[in-house]
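The basis for the numbers below is simple: all heavy atoms, side chains too, and nothing from hydrogens, waters or symmetry mates. Order of the sequence lines sets the chain letters (A, B, ...), proteins ahead of strands, with each chain counted from 1. These figures come from a predicted structure and were not determined experimentally.
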Amino acid sequence: MTKRLGRRFSLCALAFAAALAVPGAARAEGGKVEVMADVVLASNNGDKVDPPSLEEMKATFAARNIKFSSWQSVSQRRLALEPNKTAEVPLPNAKRAQVTLQSVKEGEAHLKVTVPPSSTELVLGREGKLYVDGGQHQGGQLWLVISPAIKPPKPPPAPAKQ
Amino acid sequence: MALNPACQTFIPMLSPYVDGELTPQERVTVDHHLNVCRDCTGRVADLRAESGLIRHGLDLAADEVDFRDFAQKVMARLTPYKPPLMERVRISLSEMFLYQRATMVTSLVTAAVVLFVAVPTAVLWKGTPEGYARPQMMVSSVTVEKGAKVTPVVMTTDQGDAIIWMVSTEQASSQDGAQPSQEKAPDQDTGEVKKLDQTKPNGGEL
């Protein structure tokens, strides 16, 4: 009985180690690529920025001389993309955005983002966001925002002033 | 017949004497008495004979009983006792550590190695997620549907951001600053933008 229990104990330890190793192996072999797909309504009706994290988007657009006073998040979802499969993101103006993972080559994910009437092909990166014009809605402009579903890397520390 | 007063003391000790239940000192005392007392010697002889008869009778009775599968029959009549789980675990562990010490120590060392090496490795692993080998996102092409009266304006930033803004061709012709460059104008046949302008364009006010 004790021998059997000892063997069981050893097997449990091995199974535990294997369970720890499996997620890493699964990540290594690849499969799904995750991206964030946000829909944002920008307008000049009011000056509300909701959520406050949209201040970054507001500043990015302002730097390109595209100025809206109000920025509001309409929807936010995490897409798990599989190769050659399309995920849809509905827009409030009845359009349907489509995000397709075309391929993953050497760890780089090639995506196609379609927001009628445009289609954009891009290569995912750890930094950077794609803002696609989603058309008019309620007197404002809809934007589909495709961003990495990973934490952005920390910026390097600023050099000390001499 | 009146008993010898000494015999009254020794008579209760005679049966234990025959059965070998006396202490050595008591046995010596009884032996001394038996050397001088013929009555008690006779009583001892009677007791031995009686004991022999009883033993013989019991042997005869035992011979008549069938003792085959005796242990199995007794065990079958016992109600199996199942101790509580914690008690069984405690007993199992104590037995394992008692009889399988080497196996248990090996197993515990293995478990400790797994805990102190594999777990931190798994938790602290910050490898690149699938599909994110590239440091910055890159837009490779923008196309518009054939016949669409819009022109894509692509604006990129140093941080890898890209803004794809659809400008109505009718509207764009009437607004200054929102006119996309000719390089970005879509091909009339394929609708594909062949080259992306990486310089900072002026998107204009909406």
Side-chain angles (χ1 to χ4, degrees), chain A residues 1-3 5-7 9-10 12-14 16-17 20-21 23-24 27-28 30-35 42 44 60-61 63-68 81 101 104 106-110 113 115-133 135 141 143 146 148-150, chain B residues 92-93 95-96 98-100 103-104 106-108 110-111 113-115 118-119 121-122 125 127-150 152-157 159-167 177 191 200-206:
Chain A
M1 179 181 162
T2 51
K3 276 187 181 176
L5 284 173
R7 263 188 240 121
F9 193 82
S10 303
C12 284
L14 283 174
F16 183 64
L20 285 172
R27 288 172 88 170
K32 292 184 178 179
V33 174
E34 294 192 337
V35 294
N44 287 314
T60 302
F61 276 65
R64 296 292 161 189
N65 207 21
I66 303 174
K67 292 174 182 172
F68 292 102
L81 303 171
L101 175 61
V104 180
E106 296 174 354
E108 295 182 349
H110 295 252
V113 180
V115 182
S118 74
S119 286
T120 306
E121 290 185 1
L122 68 141
V123 184
L124 266 187
R126 295 188 293 277
E127 285 185 73
K129 295 179 180 178
L130 174 70
Y131 303 96
V132 185
D133 187 344
Q141 185 86 21
W143 292 95
I146 301 295
I150 56 173
Chain B
S92 299
L93 284 175
E95 285 187 359
M96 279 196 294
L98 187 65
Y99 300 113
Q100 300 291 324
T103 307
M104 292 301 293
T106 308
S107 301
L108 286 176
T110 307
V113 168
V114 166
L115 276 174
V119 171
T121 304
W125 184 70
T128 306
E130 181 71 13
Y132 288 95
R134 194 179 168 77
Q136 281 196 341
M137 190 183 69
M138 183 187 75
V139 175
S140 48
S141 73
V142 181
T143 59
V144 292
E145 290 173 0
K146 201 171 181 180
K149 294 178 179 178
V150 292
V153 176
V154 181
M155 291 167 270
T156 59
T157 69
Q159 289 75 38
D161 296 335
I163 301 171
I164 314 292
W165 183 26
M166 295 296 137
V167 178
K200 180 181 174 182
N202 183 3
E205 290 271 345
L206 286 178

**OP:** For A:Thr120 and A:Leu130, run side chain to side chain contact (heavy atoms under 4.5 Å, CB included): C-alpha distance rounded to whole Å, both residues' side-chain angles, the deciding distance at 0.1 Å, then the answer.
**Re:** CA-CA 9 Å; A:Thr120 306; A:Leu130 174 70; 4.3 Å; yes

Original post:
Which of the residues A:Gly128, A:Ala42, A:Gly135 is involved in the greatest number of heavy-atom pairs with chain B at under 4.5 angstrom?
Top reply: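 Most heavy-atom pairs within the cutoff with chain B belong to A:Gly128.
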
Subject >> When A:Ala109, A:Gly107, A:Pro117 are compared by non-hydrogen pairs under 4.5 Å with chain B, the top option >> reply: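 Going by pairs under 4.5 Å, I would pick A:Pro117.
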
Original post:
Between B:Pro135, B:Gly147, B:Ala148, which residue shows the highest count of heavy-atom pairs closer than 4.5 Å to chain A?
Top reply: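 Among the listed options, the one with the most contacts to chain A is B:Pro135.
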
Original post:
What distance separates B:Gln100 CD from B:Glu95 CD, expressed to the nearest 0.5 Å?
Top reply: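 The CD atom of B:Gln100 sits 10.5 Å away from the CD atom of B:Glu95.
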
Original post:
A:Val104 versus chain B, heavy atoms under 4.5 Å apart: side chain, backbone, both or neither?
Top reply: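 Contact with chain B is through the side chain of A:Val104 alone.
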
Original post:
Where on A:Val113 is there a heavy atom nearer than 4.5 Å to chain B: the side chain, the backbone, both, or neither?
Top reply: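 Neither part; nothing is under 4.5 Å.
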
Subject >> side chain to side chain donor-acceptor pair (under 3.5 Å) partners of B:Gln136, counting only residues at least two apart >> reply: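 Per chain and number, B:Gln136 pairs via side chain to side chain donor-acceptor pair (under 3.5 Å) with no residue.
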
Original post:
Quick one: are B:Val139 and B:Thr156 in side-chain contact, heavy atoms under 4.5 Å?
Top reply: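 A side-chain contact under 4.5 Å is absent here.
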
Original post:
Considering residues at least two apart in sequence or located in another chain, which fulfil the ring-ring contact (aromatic ring centres under 6.0 Å, His included) criterion with A:Tyr131?
Top reply: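 A:Tyr131: ring-ring contact (aromatic ring centres under 6.0 Å, His included) contacts with A:Phe61.
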
